[in-house]
Amino acid sequence: HASTIFNRLYQHLEPKRYLSDTPPEPLLLALGTAWEKHLEYLLLKNGIQAERPDELLSPEGIAYSPDLLVFNGITRLGEIKLTFQSSRDYPLSGTEYNGLPPKADKWLVQMMLYAYWLGLHEGWLCVLFLGDRPLTKDSLRVFEIGWTDRELQENADMCLNFAHSEGLL
């Protein structure tokens, strides 16, 4: 699965942050799933055309599971995150920023890999930051992201080369 590739990649790139022998936090996984389902419901109730596709298969035979495909105006890859991080280092506006902080790199690598396989150049990243105290309306941030063919190709090459070097493919 694609998640194995980018999870293992980030265990290699940031071993202190992404410990290889630490299982995923069950509470965060359960909260994340509930948040995804509720956000999907809210989007549809507010007239935003979005759907969770079934698991897909890349041309290389790698299974992957985007959170959403958003169809309003242009088709975008949608990714929904729930994190115990604070929003402190993240830009406030989704359209007036000069990139996301490095701690979002793993999310962006994931999104770009999916976008590459889907032939999309636009992404929609929705993050709920539970680390904010107190939680406010600004604890929920949406970022609209665009990529060039070159950025998508370089990211895919990096992920697939890593997967080959690790014996994952």
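What you see below is based on every heavy atom in this structure, not just the backbone, and it leaves out hydrogens, waters and symmetry mates. Remember, predicted model here, so these are calculated numbers, not experimental data.
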| Counting distance only, does the side-chain N/O of D67 pair as donor-acceptor with the main-chain N or O of I80 below 3.5 Å? | yes
| said: Do M158 and N155 have side chains that approach each other closer than 4.5 Å (heavy atoms only, starting at C-beta)? | reply: yes
| field | Separation of H121 NE2 from W147 CH2 (nearest 0.5 Å) | value | 10.0 Å
| message | Which residues pass the side chain to side chain contact (heavy atoms under 4.5 Å, CB included) test with L29, not counting sequence neighbours? | response | P24
| query | In this structure, are over 12 heavy atoms from other groups packed under 6.0 Å from R88 atom CZ? | reply | no
| message | One thing to verify: whether E79 and K81 come together as a salt bridge, which I'm taking to mean a side-chain N less than 4.0 angstrom from a carboxylate O. | response | yes
| field | Inter-residue atom distance C159.SG - E60.CD, 0.5 Å rounding | value | 10.5 Å
| message | Looking at T148, is its backbone amide N or carbonyl O close enough to the side chain of E151 to form a donor-acceptor pair, meaning the two atoms are under 3.5 Å apart? | response | yes
| query | Taking all atoms of both residues into account, what is the closest heavy-atom pair of F71 and T75, and its distance? | reply | CD2-OG1, 3.7 Å
| message | So does L42 get a backbone contact from the side chain of N46, meaning a donor-acceptor N/O pair under 3.5 Å? | response | yes
| remark: When W107, Y90, W124 are each screened for side chain to side chain contact (heavy atoms under 4.5 Å, CB included) with F143, the one that passes is Y90
| request: Just jot down the side chain to side chain contact (heavy atoms under 4.5 Å, CB included) partners of H12, sequence neighbours excluded, or say none. | output: F162
| task | Could you point out which residue of L69, L68, V70 forms a side chain to side chain contact (heavy atoms under 4.5 Å, CB included) with R76? | result | V70
| Taking only residues two or more places apart in sequence, or in another chain, which ones meet T83 in a side-chain hydrogen bond (donor to acceptor under 3.5 Å, both in side chains)? | none
| Going only through I, L, V, M, F, W and Y residues with side-chain contacts under 4.5 Å, is there a path from V142 to L44? | no
